[in-house]
Amino acid sequence: MTRKPRPISWIKAALKDFEAFPEGARSICLAALAIAAAGGKADIAKPMRGMGSGVFEVALPYRGDAFRVVYAVQLGDEIWVVHVFQKRSTRGIKTPKRDVDLIKDRLKRLKEMLR
């Protein structure tokens, strides 16, 4: 018996940023989100450190750039895409503090909204 995939919801700002990604990068990220919605985890997704359980990051190297999609699987019935960004440095592995703070803030507000 296959489980019905969970809906994928987007924080508006994250969707707007996602629409600026190159089409190829978008389709790869959407495939990874579809796997998450079906209850799996794509090879390019990994738990995001320091965010608590259930928060994952899709890390996509694409044509010399690095694209990131951060989503939460434990908020309500949906998969929530909370932040999307293009990393400028492909060498440094660390997520910039500005992005980490933004993710934490959006997660906190989303949890409050879904209560």
Side-chain angles (χ1 to χ4, degrees):
M1 187 176 113
T2 54
R3 210 172 88 199
K4 192 168 140 287
R6 294 163 63 191
I8 298 170
S9 295
W10 296 73
I11 283 182
K12 200 181 275 178
L15 183 58
K16 192 169 173 285
D17 292 340
F18 185 70
E19 287 167 349
F21 277 18
E23 195 173 326
R26 281 202 316 257
S27 63
I28 295 167
C29 291
L30 285 173
L33 288 170
I35 291 169
K41 186 178 85 54
D43 294 343
I44 58 171
K46 61 186 195 301
M48 189 159 191
R49 274 202 258 277
M51 295 293 164
S53 68
V55 179
F56 293 87
E57 178 179 38
V58 172
L60 175 66
Y62 185 80
R63 293 189 180 163
D65 289 317
F67 295 94
R68 301 287 183 264
V69 174
V70 178
Y71 65 93
V73 296
Q74 294 178 340
L75 293 176
D77 300 326
E78 301 127 294
I79 303 262
W80 276 92
V81 178
V82 291
H83 187 45
V84 172
F85 61 104
Q86 180 178 348
K87 269 178 68 179
R88 295 294 171 225
S89 152
T90 49
R91 276 192 296 284
I93 206 155
K94 213 164 142 51
T95 302
K97 183 181 180 337
R98 179 176 58 86
D99 290 299
V100 170
D101 291 343
L102 189 58
I103 293 162
K104 285 182 176 168
D105 183 54
R106 286 181 178 173
L107 284 168
K108 195 177 113 207
R109 285 195 311 213
L110 197 53
K111 281 176 188 157
E112 287 165 4
M113 189 187 88
L114 294 171
R115 261 196 212 131

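Numbers here simply count residues along the sequence, with the first being 1.
A chain of hydrophobic side-chain contacts below 4.5 Å, direct or via other Ile, Leu, Val, Met, Phe, Trp or Tyr residues, connects Val84 to Ile44. Val73 and Leu15 fall within a single hydrophobic cluster, where Ile, Leu, Val, Met, Phe, Trp and Tyr are joined by side-chain heavy atoms under 4.5 Å apart, directly or via other members. Tracing side-chain contacts under 4.5 Å through hydrophobic residues (I, L, V, M, F, W, Y), one never reaches Ile35 starting from Val55; they form parts of separate clusters. Note on Leu75: it does not cluster hydrophobically with Ile79, by side-chain heavy-atom contacts below 4.5 Å among ILVMFWY residues.
Taking every heavy atom of both residues into account, Gly24 and Tyr62 meet most closely at CA-OH, 3.2 Å. When every heavy atom of Val58 is checked against every heavy atom of Cys29, the shortest pair comes out as CG1-SG, 4.2 Å. Listed here is the closest heavy atom pair of Ser9 and Glu78: OG-OE2, 2.8 Å. Here the closest heavy-atom approach between residue Arg26 and residue Phe21 is recorded as NH1-O, 3.0 Å.
For the atom pair Arg106 CZ and Asp99 CG, the distance stands at 9.0 Å (nearest 0.5 Å). Atoms CE and NZ, from Met51 and Lys104 in turn, are 5.0 Å apart once rounded to the nearest 0.5 Å. Atom CG of Leu60 and atom CD1 of Ile28 lie 5.0 Å apart (nearest 0.5 Å). One finds the CD atom of Gln86 at 10.5 Å from the CG atom of Asp17 (value rounded to the nearest 0.5 Å). Atom CH2 of Trp10 and atom CD of Glu19 lie 8.5 Å apart (nearest 0.5 Å). Separation of atoms CD1 (Ile103) and CZ (Arg98) is listed at 10.5 Å; rounding is to 0.5 Å.
Contact check for Thr95 versus Met48: side-chain heavy atoms found under the 4.5 Å cut-off. Considering only heavy atoms from C-beta on, Ile8 stays 4.5 Å or farther from Tyr71 through its side chain. Considering only heavy atoms from C-beta on, Leu33 stays 4.5 Å or farther from Phe18 through its side chain.
With Ile11 as the fixed residue, the side-chain contact (heavy atoms from CB on, under 4.5 Å) test singles out one of Leu107, Val82, Val70: Val82.
Residue Asp43 places its CG atom among 12 or fewer non-hydrogen atoms of other residues, nucleotides or ligands, all under 6.0 Å distant. Lys46 NZ: more than 12 foreign heavy atoms inside a 6.0 Å radius. Surrounding CD of Glu23 are at most 12 heavy atoms belonging to other residues, nucleotides or ligands under 6.0 Å away.
No donor-acceptor pair closer than 3.5 Å links the side chain of Arg6 to the backbone N or O of Gly39.
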- [ ] Report the C-alpha separation of Leu102 and Phe85 in whole Å, then their side-chain angles, then the decisive distance to 0.1 Å, and conclude whether the side chain to side chain contact (heavy atoms under 4.5 Å, CB included) test is met.
- [x] CA-CA 11 Å; Leu102 189 58; Phe85 61 104; over 6 Å; no
